[in-house]
Amino acid sequence: MRLVEVEAYLGASDPASHAYRGPTARTAPMFGPPGRSYVYFVYGMYYCVNVVASRSSVAGAVLLRGGEPIEGVGDDARALAGPGKLARALGLTTAHTNLDLVRSVLSIREAPPVPSARVVRSVRIGLNQHATTHEPWRFYVRGSPGLSRP
DNA sequence: CGAATGATCCGA
DNA sequence: CGGATCATTCGA
C-alpha cells in the first residue's frame, strides 16, 4: 500500500499523545529507538499502527491513518482508509508492537515523492479529551480515496 | 447521533 | 479494585 495520511504524536508536550504521562507497558515502544512499531488496541475492536520516529528516551511516533492499495487489482480502494481499517487490512495486532520496521516482516520504503501541491497539512482529528493540540500535525494526500475521512 | 466492546490507567 | 476513557467504525 501507499501511505496517504499520517499524524504525529509527541510526548510530554503533547496532551493528546499516549506518551503524555510517561512510559507504561503499552506505550514503551514510543520511548524506544526509532524505526520500530507501536501498535495499540482501541475501542475494544480496532488496532492502530504507529512508527516510532524519535530517538530513544524521547517519545515520538507517527500514526498511520490512511493508505491506498497498490497491489491486487479489485482491492477495495477504501480498505485502508482509516487507522483501524489500515491495521486490520495488514493483519496487524498488538502482537506486532515494538517490531523493527526496517529489517523485519514489515517494511516501510521510500516512494516517488508526492508533489507538495498535493500534500495537505492540517490539525489532527478524532481526538476527544485534552485541549486537542492545535498544531497542524496531520498530513495527507489531497483527494486520495485512502483517507480516513473522505 | 450512538452503540459496540475490552484493554488500559488512575485514583482510592 | 472500579469506572472513566478511548489516536474508531458503522449504521440509523
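Order of the sequence lines fixes the chain letters, A, B, ..., with proteins taken first and strands second; residue numbering starts at 1 for each chain.
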Task: Protein-nucleotide distance (A/L147, atom CG; C/dT8, atom P), rounded to Å - done: 14 Å
Task: Complementary nucleotide for C/dA7 - Watson-Crick or wobble, under 3.5 Å - done: none
Open item on the list: Assess, by modelled atom type and distance only, whether the side chains of A/T24 and A/T27 contain a donor and an acceptor separated by less than 3.5 Å.
Closed with: yes
- [ ] Drop me the distance from A/I108's CD1 to A/L3's CG, to the nearest 0.5 angstrom.
- [x] 6.0 Å
Task: Value in whole Å for how far the P atom of C/dA7 lies from CD of A/E5 - done: 15 Å
Open item on the list: Rounded at 0.5 Å granularity, tell me how far OG in A/S37 sits from CG in A/N50.
Closed with: 9.0 Å
Task: Donor-acceptor pair, side chain of A/R36 and main chain of A/V52, under 3.5 angstrom - done: no
Open item on the list: Give me the distance, rounded to whole Å, that separates C/dT5 from B/dG2 when you measure between the P atoms they each carry.
Closed with: 16 Å
- [ ] For A/K85 and C/dG11, give me the distance from atom NZ to atom P, rounded to whole Å.
- [x] 10 Å
Open item on the list: Measuring to OP1 and OP2 of C/dT9, would you say a side-chain N or O of A/R88 lies under 4.0 angstrom away?
Closed with: no
Task: Between C/dT5 (P) and A/H18 (NE2): distance, integer Å - done: 15 Å
- [ ] Kindly compute the distance separating OH (A/Y47) from OH (A/Y40), expressed to the nearest 0.5 Å.
- [x] 13.0 Å
Task: Partner nucleotide, any strand, of B/dT5 [Watson-Crick/G-U, under 3.5 Å] - done: none
- [ ] Determine, for A/Y140 and A/R138, whether the Lys NZ or Arg CZ falls below 6.0 Å from the six-membered ring centre while staying within 45 degrees of the axis.
- [x] yes
- [ ] Report the distance from atom CG of A/L63 to atom P of C/dC6, rounded to the nearest whole Å.
- [x] 16 Å
TODO: With a 4.0 Å heavy-atom cut-off, tell me which residues in residues 34-48 of chain A come close to DNA chain B, sorted by residue number.
DONE: A/F41, A/Y43, A/G44, A/M45
TODO: Give A/T24 one of three labels, base, sugar-phosphate or nothing, depending on what nucleic acid heavy atoms sit under 4.0 Å from its own.
DONE: sugar-phosphate
TODO: With the side chain counted from C-beta on, respond yes when A/L86 and A/M1 share a heavy-atom pair under 4.5 Å apart, and no when they do not.
DONE: yes
Task: Distance-minimising heavy-atom pair for A/V39 and A/T97 - done: N-OG1, 2.9 Å
Task: Between C/dC6 (P) and A/Y9 (OH): distance, integer Å - done: 12 Å
- [ ] Measure the distance from CG on A/D76 to P on C/dT9 and round it to the nearest whole Å.
- [x] 13 Å
- [ ] Check the angle between the aromatic planes of A/Y38 and A/H18 and answer parallel, tilted or perpendicular using the 30° and 60° thresholds.
- [x] perpendicular
- [ ] Using atom OH of A/Y20 as one end and atom C1' of C/dT5 as the other, report the distance to the nearest whole Å.
- [x] 16 Å
Open item on the list: What is the first contacted nucleotide of DNA chain B and what is the last, in 5' to 3' order, if contact means an atom lying under 4.0 angstrom from a heavy atom of chain A?
Closed with: B/dA4 to B/dC10
